[in-house]
Amino acid sequence: MSPFTKELEYFIACAEEGNILKASQKLDVQQSGLSKIIMRLEADMGQKLFSRSSQGVQMTSFGQTFYQSLKQTKNFWKDISAREIKQKLVIGAHSSIANSYFPMIIPKLLTTYPDMMIDTELASSLDVTRKVAELQIDVGLVINPVKNADLVAQTLSNSWIGVWGSKTKNSKVLYFNPEMFMN
């Protein structure tokens, strides 16, 4: 976890690459957007961070001092995080989603972050969404997400359920799971 805003991370990438195009490719952002972010950062600080030329960008003396300060802070943060902060992640999910996604997600998280503690909570999609908004759950996996201006929703997959029966009047439903229709 970084203690820096996205803008500061972008500045660091530009400083290390010495080229806004290369930094934008590394960060997977548009070059024009990255240039605007750097210009806004310079305006906010009241100082130029880079001298620009056709060969790329070169840090000004203020930019070099700022970069060194950020790198020291970042290294200090990384050192503290590695030694003292045990991360805990709470993942909430609707039970039908948990059955599908937890076996894929949790082992990958534990492999990538072996010191991370992971708690899971099964609840209705509405309850999971509410708990994420109230910061009781870090990540929620839900069916039919309820729009919430405080949350960022991203689609993991689209699924649908089929209800099967015969074509006669006295047809019987062969498969039906009412939990799939509830939030």
*Under a 4.5 Å cut-off applied to non-hydrogen side-chain atoms, are Phe50 and Thr60 in contact?*
no
*Pairs in or reaching into residues 136-145: which pass salt bridge (charged side-chain N to carboxylate O under 4.0 Å, His left out), with residues at least two apart or in two chains?*
none
*Hey, any chance Met39 and Tyr67 share a hydrophobic cluster, counting ILVMFWY side chains that come within less than 4.5 Å of each other, even indirectly?*
no
*When rounded to the nearest 0.5 angstrom, what distance separates CG in Leu122 from OG in Ser95?*
6.5 Å
*Output, in order, the C-alpha distance, side-chain angles, deciding distance and verdict of side chain to side chain contact (heavy atoms under 4.5 Å, CB included) for Leu34 and Leu27.*
CA-CA 9 Å; Leu34 182 55; Leu27 297 166; 4.2 Å; yes
_Set of residues satisfying ring pair (Phe, Tyr, Trp, His ring centres under 6.0 Å) with respect to Phe66, sequence neighbours excluded_ = Phe11
*Going through the checks in order, is the side chain to side chain contact (heavy atoms under 4.5 Å, CB included) test met by Leu70 and Leu8?*
CA-CA 8 Å; Leu70 289 176; Leu8 294 178; 4.2 Å; yes
*Not counting sequence neighbours, which residues clear side chain to side chain contact (heavy atoms under 4.5 Å, CB included) with Leu109? List them please.*
Leu89, Ile91, Ile105, Tyr113, Ile118
*Between Glu9 and Lys74, does at least one N-O distance fall below 4.0 Å, as a salt bridge requires?*
yes
*Please report the shortest heavy-atom distance between Val57 and Cys14, naming the atom on each side.*
CG2-O, 4.1 Å
*asked:* Once rounded to the nearest 0.5 Å, what's the spacing between atom CD of Gln30 and atom CG of Leu21?
replied: 10.5 Å
*What pairs with Asp119 under salt bridge (Lys or Arg N to Asp or Glu O under 4.0 Å), at least two apart in sequence or on another chain?*
Lys88
*Side-chain contact test, heavy atoms from C-beta onward, threshold under 4.5 Å: evaluate it for Asn75 versus Gln72 and give yes or no.*
no
*State which residues pass side chain to side chain donor-acceptor pair (under 3.5 Å) with Glu134; sequence neighbours excluded, sorted by chain then number.*
Arg130, Gln136
*Only pairs at least two apart or in different chains count here, so list each salt bridge (charged side-chain N to carboxylate O under 4.0 Å, His left out) that has a residue in residues 53-62.*
none
*Do you know which two heavy atoms are closest between Glu7 and Leu41, and how far apart they sit?*
O-CD2, 4.1 Å
*State which residues pass salt bridge (Lys or Arg N to Asp or Glu O under 4.0 Å) with Lys26; sequence neighbours excluded, sorted by chain then number.*
Glu17
*asked:* For residues 121-155, which residue pairs pass the ring pair (Phe, Tyr, Trp, His ring centres under 6.0 Å) check, not counting sequence neighbours?
replied: none
*Apply salt bridge (Lys or Arg N to Asp or Glu O under 4.0 Å) to Glu16 and list each qualifying residue two or more places apart in sequence or on a separate chain.*
Lys71
*In chain order, what residues pass the salt bridge (Lys or Arg N to Asp or Glu O under 4.0 Å) check against Glu42, with sequence neighbours excluded?*
Lys48, Arg52
*Residue pairs passing the salt bridge (charged side-chain N to carboxylate O under 4.0 Å, His left out) test where at least one lies in residues 55-66, sequence neighbours excluded*: none
*asked:* Hydrophobic clustering (ILVMFWY, side-chain heavy atoms < 4.5 Å, transitive) - are Leu110 and Phe102 grouped together?
replied: yes
*If two hydrophobic side chains count as joined below 4.5 Å and joins carry through other members, does Met116 share a cluster with Leu141?*
yes
_Please report the interatomic distance CZ(Arg40) to NZ(Lys36), rounded to the nearest 0.5 Å._
9.0 Å
_With rounding to the nearest 0.5 angstrom, report the OH to OG1 distance, Tyr10 to Thr5._
10.0 Å
_N/O donor-acceptor pair under 3.5 Å between Ser69 side chain and Thr65 backbone_ = no
*Looking at Gly140 and Val132, what are the two nearest heavy atoms and their distance?*
N-CG2, 3.8 Å
*Report whether Val128 and Leu135 are members of the same hydrophobic cluster (ILVMFWY, side-chain heavy atoms less than 4.5 Å apart, transitive linking).*
no
_With a 4.5 Å cut-off on side-chain heavy atoms, are Val90 and Val139 touching?_
no
*For Gln25, enumerate each residue passing the side chain to side chain donor-acceptor pair (under 3.5 Å) test, keeping only those at least two apart in sequence or located in another chain.*
none
*asked:* Tell me whether Met45 shares a hydrophobic cluster with Ile37, the cluster being built from Ile, Leu, Val, Met, Phe, Trp, Tyr side chains joined at under 4.5 Å.
replied: yes
